[in-house]
**Student:** 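Quick one: structure below, then a few questions.
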Amino acid sequence: MSKINILFRNFFRLTTRNYIFLTSLFVFFVAEFSLSTLFDLESEVQFALIILGMFIFSIINTTTFFKNDQIKNRYIKQKFSSYWLYSFVELLFLIVLNLFVALVVYFLSFIVSADFSFMLISVLGLFATGLVGSSIAWIFKFQWNASLVSKIFGQIGLIVVSFLALVNLDNFLKYIIPPVGQFVNLSLSKSSNAGFMGMLAHQIIFAIVLFLAGIQLNKNNFTK
């Protein structure tokens, strides 16, 4: 348990060490506040924009986290040596971080409602969207400790997959690309709670698949 605590505290310091996390969170709220006060937006549109913001925020901060992890944690990786323990705690930390951000974003937003079901779906929706963003960054985290060709491939891949995640498709391809765009479209369509829960499950399952694939893909680059 002490090893998990040590890693968890280390990951927290990595997240906050260069203020990108806090700065981007502040920019997120400023943008949300500006849009809400300057434009008379419906609650569905506001929520859709917050989902987009959550996805972009998650991509940026998880990618920065992995970059800092590669620069600062080489000694710790050699000390702990267990790739599976390190990856488990890393994954657990990202889950907690995304849940925390989802709660903060929701309660500081302009869509807060006394309706518990709406609050639950909103928080879970932001959380699931953040997980998808983190899982995409996880797949391509090998770019921070690989050859120049792999770095270029990783960065291009990250951009392309992130872009595809925002595309809303109605054919079979919607099952093989990250479903963020589909969730945004669902938010704008005033769907039922059942429809939202189905999409939340889709996002979480997709994130789990990407996390598992990323764990396997990045195994050989652990201590490089």
Side-chain angles (χ1 to χ4, degrees), residues 11-12 14-32 35 47-71 87 90-106 109 123-146 150-169 174 176-185 187 199-200 202-215 217-218:
F11 294 155
F12 177 77
L14 284 182
T15 302
T16 57
R17 65 178 297 271
N18 54 9
Y19 303 107
I20 290 180
F21 175 81
L22 295 176
T23 301
S24 56
L25 191 59
F26 175 74
V27 171
F28 191 170
F29 289 132
V30 169
E32 180 188 349
L35 289 172
F47 185 53
L49 291 174
I50 292 173
I51 291 171
L52 288 175
M54 183 70 182
F55 177 68
I56 296 171
F57 176 87
S58 178
I59 286 281
I60 292 173
N61 283 279
T62 307
T63 301
T64 303
F65 168 75
F66 288 140
K67 180 180 179 181
N68 291 336
D69 175 63
Q70 174 57 23
I71 296 173
S87 296
E90 205 167 38
L91 176 57
L92 181 62
F93 175 78
L94 290 176
I95 291 173
V96 172
L97 183 64
N98 277 296
L99 181 58
F100 168 76
V101 174
L103 288 169
V104 171
V105 168
Y106 174 77
S109 70
V123 172
L124 288 178
L126 292 169
F127 170 64
T129 301
L131 279 186
V132 172
S134 292
S135 67
I136 293 173
W138 185 295
I139 280 283
F140 295 104
K141 73 174 182 175
F142 63 82
Q143 65 181 291
W144 302 117
N145 55 0
S150 296
K151 287 181 180 180
I152 294 174
F153 173 78
Q155 291 174 13
I156 293 175
L158 179 64
I159 293 171
V160 171
V161 175
S162 299
F163 173 77
L164 290 175
L166 299 177
V167 177
N168 181 43
L169 299 175
K174 69 181 181 180
I176 60 176
I177 64 172
V180 177
Q182 299 171 47
F183 188 44
V184 170
N185 185 66
S187 302
M199 182 55 66
L200 291 179
H202 185 188
Q203 287 205 99
I204 292 174
I205 291 172
F206 205 99
I208 291 173
V209 170
L210 290 185
F211 278 128
L212 293 177
I215 288 174
L217 181 64
N218 292 288

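Excluded from the calculations below are hydrogen atoms, water molecules and symmetry mates; all remaining heavy atoms, backbone and side chain alike, are included. Source: prediction; values computed, not measured.
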**Student:** Nearest 0.5 Å, what's the OG1-CD distance between T62 and E90?
**Tutor:** 10.0 Å
**Student:** Using only atom types and a distance under 3.5 Å, with no angle test, would you say the side chain of S58 pairs donor to acceptor with the backbone of M54?
**Tutor:** no
**Student:** Rounded to the nearest 0.5 Å, what separation is found between the CZ atom of F140 and the CG atom of L217?
**Tutor:** 8.5 Å
**Student:** Do F66 and L94 come close enough that some side-chain heavy atom pair is under 4.5 Å?
**Tutor:** yes
**Student:** Check whether any side-chain heavy atom of F211 sits under 4.5 Å from a side-chain heavy atom of S87, and report yes or no.
**Tutor:** no
**Student:** When rounded to the nearest 0.5 angstrom, what is the spacing between CG in L97 and CG in L131?
**Tutor:** 10.0 Å
**Student:** Could you measure the distance from the OG1 atom of T63 to the CD atom of Q143? Nearest 0.5 Å is fine.
**Tutor:** 6.5 Å
**Student:** Could you tell me whether the side chain of I50 reaches within less than 4.5 Å of the side chain of L126, counting heavy atoms only?
**Tutor:** yes
**Student:** Please report the closest heavy-atom contact between V105 and F28, naming both atoms and the distance.
**Tutor:** CG2-CE1, 3.9 Å
**Student:** Determine yes or no for a side-chain-to-main-chain donor-acceptor pair under 3.5 angstrom, with D69 supplying the side chain and L14 the backbone.
**Tutor:** no
**Student:** So which heavy atom on L210 is nearest to which on I139, and how close?
**Tutor:** O-CD1, 3.4 Å
**Student:** Can you tell if the side chain of F55 reaches within under 4.5 Å of the side chain of I136, non-hydrogen atoms only?
**Tutor:** yes
**Student:** What is the distance from atom CD1 of I95 to atom CG of L91, rounded to the nearest 0.5 Å?
**Tutor:** 4.0 Å
**Student:** Would you please classify the geometry between the F153 ring and the F142 ring as parallel, tilted or perpendicular, with 30° and 60° separating the classes?
**Tutor:** parallel
**Student:** Identify the two heavy atoms, one from L200 and one from G125, that lie closest to each other, and give their separation to 0.1 Å.
**Tutor:** CD2-CA, 3.2 Å
**Student:** Okay, side chain of T23, backbone of I20: is any donor-acceptor separation there less than 3.5 Å?
**Tutor:** no
**Student:** Could you state the interatomic distance from OG1 (T129) to CD1 (I59), rounded to the nearest 0.5 Å?
**Tutor:** 11.5 Å
**Student:** Check whether any side-chain heavy atom of W138 sits under 4.5 Å from a side-chain heavy atom of N218, and report yes or no.
**Tutor:** yes
**Student:** Checking ring pair (Phe, Tyr, Trp, His ring centres under 6.0 Å) against F21, which of F100, F57, F11, F65 comes through?
**Tutor:** F57
